[in-house]
**Q** 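The structure under discussion is supplied below as structure tokens; questions concerning it will follow.
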Amino acid sequence: MRSLCGLCASASDITVMNTLAELRQRFSTALLDLAGDAATAAELAALVLPSQDPKFGDYQANCAMPLGKRLGKPPREVAAALVERLDLADLCEPPQIAGPGFINLTLRDDWIVARLQAALADVDRLGVQRVAAPRTFVLDYSSPNVAKPMHVGHIRSTVIGDALYRMLRFVGHKTISDNHIGDWGTQFGMIIYGWKHFGDEAAFARGPVAELSRLYRLVNTLVEYHEAKNEQLPALRLRLSDQESRAAQLELAPTPADPADKKRAAKRIQEALADLAKTRDELADAEAKVARIEADEPLRKHAAAHPNIGAAVLAETAALHAGDAENRALWQRFLPPCLAEIDETYRRLDVSFDHTLGESFYEEALPQVVRDLAARGLARESHGAQCVFLEGHDAPFLIQKQDGAFLYATTDLATIRYRMDQWRPDAILYVVDHRQSLHFTQLFATARLWGYEHVEFQHISFGTVLGDDGKPFKTRSGASVGLASLLDEAVDRAHAIVCQNDDARPEPLLSAEERRTVAERVGIGAIKYADLAHNRTSDYKFSYDKMLAMQGNTAAYMQYSYARVSSIFDKGSVDAAALRLSGAEITLTHPAERALALALLQFSEALDRVLADYRPNLLTDYLYDVASRYAAFFESCPVLRADTQQQRESRLLLCDLTARTLRLGLNLLGIAVVDRM
RNA sequence: GCGCUCGUAGCUCAGUUGGAUAGAGCAGCAGAUUUCUAAUCUGCGGGUCGCAGGUUCGAGUCCUGCCGAGCGUACCA
């Protein structure tokens, strides 16, 4: 229960100064003698929420219904008693009781304006307060394998992790990002083996990473070939014949008389046929893979010359781990260019890390981890492996293999110990795809048994990036898509769109140089925003057309909205900074002004919601709402041509705050804006 | 077999500890441009929220069962 409380307190108690928090505070006070105790009052006060429909006001309190039930009184009566006790006169119009006992709240315009003026004066933070009790967060995200190029699978972890890092830091927490790269695994065995047998010194000199990825691909192909030929094909053929006879048996069995049994039998046949079809597909794939290599003369020769390549690669890896001088030297030589390559991708993505402590960093600590867990009776031997058996799990958590090698479980445990010793965090967040949830459940359970009880471990899991066919995003030939080429494609498409639109103008706005800058920001932004705008836990379909669309909830639309607002200041030769200091005031007369103002007021509430459950899409939703309201305002409220000087200045202030809210919000998501596009 | 995630408009997706008449974009239809950037905006049509029960003042949201999809499930990470 205590750990759950720790969870609830997590990152969400951000500011007592936002409107929602202020309302809840006032309700909490008013509820105290109705509810009896402070805890119940706070719980009920949490039922004050933004209204979902403007006709119910700006906020609504839903607490009278549950409280009425608790007290055995009609909810409307309770609502009336509550309104009686509320001290909201400076904040709201008189509360309205509606329906079964909803209390609808409409903010006073002067209160909204006062808040916005304060936000305007706060250049960097737009009035968002820092948390009262900062916590220390370690964020673990991106974590690519360095010996192979980053691919589409790294987008979500990198982009979501970076956005959470930025937001947590912005609201005042201490944040430490640590890129747990894979720099010590089998993939290095592959390139070491590849270098020794197929390496090309001249090619390495020309382009080390290209040469190393060639070696990686070549060795991987050969390993997979022998695996397919020697293990997969026989196994699949065996399984196929088993499944064929089972399906035949089921089909021949007499149909049961009982309807329920009959249905079950039919289902079993259906399942057997589905299994059969799946096995046939797998077999066909494996056969095609083998055939492809045998049809390629150079590959066929390599394959024939290296029949035991799989074991040999593992031996090279083991030699590296054992301290073999030659392999260590090669590792030392290969690692820097690999790191430089991924750094280039991070530079383009505008992502950086405080630390990059990969698997190799923990190599020496691993034996001690196993000894320590065994000494405490947490780990024991089973089938020759060292295992932690956990309640509620059939399979144990393996921390050392039969052959003595360590696993990523071991490294993760060593990493936890290092991070706890070094940084004493309150929370460690792992931004890793959902398929690893069992691993993290076991890892966290083991870490707690190991003594790390008072730290919040969170697996920030996310869904898969899918292609058009609804299957994991791959190239036509089935290879994973390289991240660099993905970014190139998005930027190229963005460039075409930018040029097309700018050329269509009577007077093109942008130089060739500007077009390239805009395309880079729009293209990269599109990929990041599409990722962040989807619910973290669901899969989503990757589509360049959708993410680069100008309508809807996309980076391009948000960036365009920003550019449109900015252009007003250019067009009117208005110095926004000077205007802010001029004593000009916001006045809300038009409904569209008020709707925009209300949204601008709620920026910090949106951040609260994001960090309560680490869901960046709640910020994109908010920003899209701001942009939509700005569009409505822009249609119906002339700014530069306003009726009076006072109205002109008021509207310019709203524009200024809109622009800065969009820019800050996008920056917290790791997305850059442009002044013109 | 067991476990986790999911099923919302023709398509892609939102939906805040359970809140009032379930939203957005695309696609379809109808409009707005001598422009403050139309790369835009406005309006219309479109839903048995997989199915069936249950909990309650109130269920897309929680519980149970079923149907369907994906993922995981002892020595890869």
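The sequence lines fix the lettering, A, B, ..., with proteins before strands; numbering per chain opens at 1. Remember, predicted model here, so these are calculated numbers, not experimental data.
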**Q** Are any of S538(A)'s side-chain N or O atoms less than 4.0 Å away from OP1 or OP2 of rA14(B)?
**A**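 True: S538(A) side-chain N/O within range (under 4.0 Å) of rA14(B) OP1/OP2.
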**Q** Between atom CZ in F462(A) and atom C1' in rC13(B), what is the gap in whole Å?
**A**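 Result: 19 Å.
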**Q** Is the ring pair H534(A)/Y540(A) parallel, tilted or perpendicular, if the boundaries are 30 and 60 degrees?
**A**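 H534(A) and Y540(A): parallel rings.
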**Q** Within a strict 4.5 Å, meaning less than it, do heavy atoms of the L652(A) and R648(A) side chains meet?
**A**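 Yes. Closest side-chain heavy atoms under 4.5 Å.
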**Q** Nearest heavy atom decides the nucleotide; on that basis, is G552(A) or Y630(A) closer to the 5' end of RNA chain B?
**A**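 The answer here is G552(A).
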**Q** Is a salt bridge present between R156(A) and D433(A), judged by a nitrogen-to-oxygen distance below 4.0 Å?
**A**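 Salt bridge flag = no for D433(A) with R156(A).
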**Q** Among rA20(B), rA14(B), rC57(B), which nucleotide sits nearest the side chain of P66(A)?
**A**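 Of the candidates, rC57(B) comes closest.
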**Q** What is the nucleic acid contact for Q52(A), judged by heavy atoms within less than 4.0 Å: base, sugar-phosphate only, or nothing?
**A**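 Base, at least one base heavy atom under 4.0 Å.
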**Q** Whether D570(A) and R676(A) form a salt bridge (side-chain N of Lys/Arg under 4.0 Å from carboxylate O of Asp/Glu) is what I want to check.
**A**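 Salt bridge flag = no for D570(A) with R676(A).
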**Q** Checking all strands, does C655(A) fall into the base, sugar-phosphate, or nothing category for heavy-atom contacts under 4.0 angstrom?
**A**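 Nothing: the residue C655(A), judged by heavy atoms under 4.0 Å, touches no strand.
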**Q** Let me see the working for Y59(A) and Q602(A) under side chain to side chain donor-acceptor pair (under 3.5 Å), right down to the final yes or no.
**A** CA-CA 11 Å; Y59(A) 292 85; Q602(A) 292 169 329; 2.9 Å; yes
**Q** Who is the Watson-Crick or G-U wobble partner of rG65(B), with both distances under 3.5 Å?
**A**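 rC51(B) is the nucleotide pairing with rG65(B).
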**Q** In whole Å, I'd like the distance from the CG atom of L71(A) to the P atom of rC57(B).
**A**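 After rounding, the gap between these two atoms is 14 Å.
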**Q** Ion pair present between D469(A) and K471(A), side-chain N to carboxylate O less than 4.0 angstrom?
**A**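 Answer for the salt bridge query: no.
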**Q** Only pairs with both distances under 3.5 Å count, Watson-Crick or wobble alike; so what is the partner of rA59(B) in this structure?
**A**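 Across all strands, not a single nucleotide pairs with rA59(B).
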**Q** Take atom P in rG31(B) and the same atom in rG15(B), then report the distance between them in whole Å.
**A**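 Here rG31(B) and rG15(B) have their P atoms 36 Å from each other.
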**Q** Minimum heavy-atom separation for A599(A) and D625(A), please, with both atom names.
**A**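 Smallest interatomic distance, heavy atoms only, reads CB-OD2, 4.2 Å.
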**Q** Classify the side chain of T186(A) versus the base of rA77(B) as yes if they form a donor-acceptor pair under 3.5 Å and no if they do not.
**A**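 Answer is no: no donor-acceptor pair is held.
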**Q** Is there a side-chain contact between D183(A) and C338(A) in this structure, where contact means two heavy atoms from C-beta onward sitting under 4.5 Å apart?
**A**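 Sidechains of C338(A) and D183(A): no contact.
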**Q** Where do N or O atoms of nucleotides 40-43 of chain B meet protein N or O atoms at under 3.5 Å, pair by pair?
**A**
residue, atom, partner, partner atom, Å
rU40(B), OP1, M550(A), O, 2.8
rU40(B), OP1, Q551(A), N, 3.2
rU40(B), OP1, Q551(A), OE1, 3.3
rU40(B), OP1, Q551(A), NE2, 3.1
rU40(B), OP2, Q551(A), NE2, 2.5
rU40(B), O2', R564(A), NH1, 3.2
rU40(B), O2', R564(A), NH2, 3.4
rC41(B), OP1, Y557(A), OH, 3.0

**Q** Picking from rC76(B), rA20(B), rU17(B), which would you name as closest to the side chain of L407(A)?
**A**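 So the nucleotide nearest the side chain must be rC76(B).
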**Q** Please determine, for rG46(B), whether a Watson-Crick or G-U wobble partner exists with both distances under 3.5 Å, and give it or none.
**A**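 No nucleotide pairs with rG46(B).
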**Q** Of the options rA74(B), rA20(B), rA39(B), whose atoms approach the side-chain atoms of L510(A) most closely?
**A**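 Nearest listed nucleotide: rA39(B).
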**Q** Given the C1' atoms of rG7(B) and rG43(B), what is the spacing between them in whole Å?
**A**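 My reading of the C1' atoms in rG7(B) and rG43(B) gives 32 Å.
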**Q** Please determine whether a side-chain nitrogen or oxygen atom of K546(A) lies at a distance below 4.0 Å from atom OP1 or OP2 of rU12(B).
**A**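 Checking K546(A) against rU12(B): no side-chain N or O falls below 4.0 Å of OP1 or OP2.
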**Q** Closest to the I497(A) side chain: rA39(B), rU37(B), rA14(B)?
**A**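 The nucleotide sitting nearest to the side chain is rA39(B).
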**Q** To the nearest Å, give me how far apart CG (L618(A)) and C1' (rA14(B)) are.
**A**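 Nearest whole value for this atom pair: 10 Å.
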**Q** Tell me the partner of rG25(B), counting only Watson-Crick (N1-N3 plus N6-O4 or O6-N4) or G-U wobble (N1-O2 and O6-N3) with both under 3.5 Å; none if nothing fits.
**A**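 Partner of rG25(B): rC11(B).
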**Q** Counting side-chain heavy atoms from C-beta on, which of rA74(B), rA14(B), rC2(B) comes nearest to H383(A)?
**A**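 Minimum distance to the H383(A) side chain belongs to rA74(B).
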**Q** Measuring only the P atom in each nucleotide, how far is rA24(B) from rC44(B)? A whole number of Å is fine.
**A**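 Result for the P pair: 10 Å, nearest Å.
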**Q** With sugar-phosphate meaning primed atoms plus P, OP1 and OP2, does N62(A) contact a base, only sugar-phosphate, or nothing at under 4.0 Å between heavy atoms?
**A**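 Contact class for N62(A): base.
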**Q** Quick one: is rA14(B) close enough that its OP1 or OP2 comes under 4.0 Å of any side-chain N or O from N617(A)?
**A**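 Answer no for this pair, as no side-chain N or O of N617(A) is under 4.0 Å from OP1 or OP2.
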**Q** Hey, which of these two, P396(A) or M677(A), hits RNA chain B nearer its 5' end, going by closest nucleotide?
**A**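 Here M677(A) is the residue nearer the 5' end.
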**Q** Has K571(A) got a side-chain N or O lying under 4.0 Å from the OP1 or OP2 atom of rU37(B)?
**A**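 The answer is yes; a side-chain N or O of K571(A) sits under 4.0 Å from OP1 or OP2.
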**Q** Measure from the side-chain heavy atoms of H434(A) and tell me the nearest of rU73(B), rC71(B), rA20(B).
**A**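 The closest nucleotide is rC71(B).
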**Q** Can you check the F397(A) CZ to rA77(B) P distance for me, whole Å?
**A**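 It works out to 11 Å between those atoms.
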**Q** Report the base-pairing partner of rG72(B) (Watson-Crick or G-U wobble, both distances below 3.5 angstrom), or none.
**A**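 Across all strands, the one nucleotide that pairs with rG72(B) is rC2(B).
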**Q** Between Y408(A) (OH) and rG72(B) (C1'), how many Å, whole number?
**A**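 For the pair Y408(A) OH and rG72(B) C1', the rounded distance is 10 Å.
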**Q** Taking OP1 and OP2 of rU56(B), is either one under 4.0 Å from a side-chain nitrogen or oxygen of R70(A)?
**A**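 It does not, given that no N or O in the side chain of R70(A) lies less than 4.0 Å from OP1 or OP2 of rU56(B).
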**Q** OP1 or OP2 of rU12(B) versus the side-chain N and O atoms of N553(A): is any pair under 4.0 Å?
**A**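 Result: no.
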**Q** For the base of rA39(B), is there a side-chain donor-acceptor partner from R505(A) under 3.5 Å away?
**A**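 Side chain to base: pair found, below 3.5 Å.
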**Q** Taking CZ from R435(A) and P from rG3(B), how many angstroms apart are they, rounded to a whole number?
**A**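 Nearest whole value for this atom pair: 22 Å.
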**Q** I'd like to check F188(A) versus L320(A) (side-chain heavy atoms, cut-off strictly below 4.5 Å). Are they in contact?
**A**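 SC-SC contact between F188(A) and L320(A) confirmed.
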**Q** When the C1' atoms of rG25(B) and rA9(B) are compared, how many Å lie between them, rounded to an integer?
**A**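 Their C1' atoms lie roughly 12 Å apart.
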**Q** When all nucleic acid strands are considered with a 4.0 Å heavy-atom cut-off, which category describes D625(A): base, sugar-phosphate, or nothing?
**A**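 Since no nucleic acid heavy atom lies under 4.0 Å of D625(A), the category is nothing.
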**Q** Base, sugar-phosphate or nothing for E43(A)? Non-hydrogen atoms, less than 4.0 Å.
**A**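 Contact class for E43(A): none.
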**Q** With respect to the side chain of K541(A), which nucleotide from rC13(B), rU37(B), rA14(B) is positioned closest?
**A**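 Of rC13(B), rU37(B), rA14(B), rC13(B) is nearest to the side chain of K541(A).
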**Q** For rU40(B), what is the paired nucleotide under Watson-Crick or G-U wobble rules, both distances under 3.5 Å?
**A**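 Base partner found: rA32(B).
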**Q** As a test of reading the structure: which of rA77(B), rA20(B), rC57(B) is closest to the side chain of M65(A), going by heavy atoms?
**A**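 Closest nucleotide to the M65(A) side chain: rC57(B).
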**Q** In whole angstrom, what separates N535(A)'s CG from rG23(B)'s P?
**A**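 It works out to 19 Å between those atoms.
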**Q** Which nucleotide, if any, forms a Watson-Crick or G-U wobble pair with rA20(B), using both distances under 3.5 Å?
**A**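 Paired with no nucleotide.
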**Q** Quiz question: going by heavy-atom distance under 3.5 Å, is there a donor-acceptor pair between the base of rA20(B) and the side chain of N104(A)?
**A**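 Donor-acceptor pair under 3.5 Å: yes.
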**Q** For a side-chain contact (heavy atoms from CB on, under 4.5 Å) with I460(A), tell me which candidate from T537(A), D140(A), V431(A), V432(A) qualifies.
**A**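 The passing option is V431(A).
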**Q** Please pick, from rU16(B), rA20(B), rC13(B), the nucleotide with the shortest atom-to-atom distance to any side-chain atom of R609(A).
**A**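 Among the listed nucleotides, the one closest to the side chain of R609(A) is rU16(B).
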**Q** Going by salt bridge (charged side-chain N to carboxylate O under 4.0 Å, His left out), name the residues that satisfy it together with R24(A), two or more places apart in sequence or in a different chain.
**A**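 Here no residue qualifies.
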**Q** Take atom CD of Q386(A) and atom C1' of rA74(B), then tell me their distance rounded to the nearest Å.
**A**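 Value for this atom pair: 13 Å.
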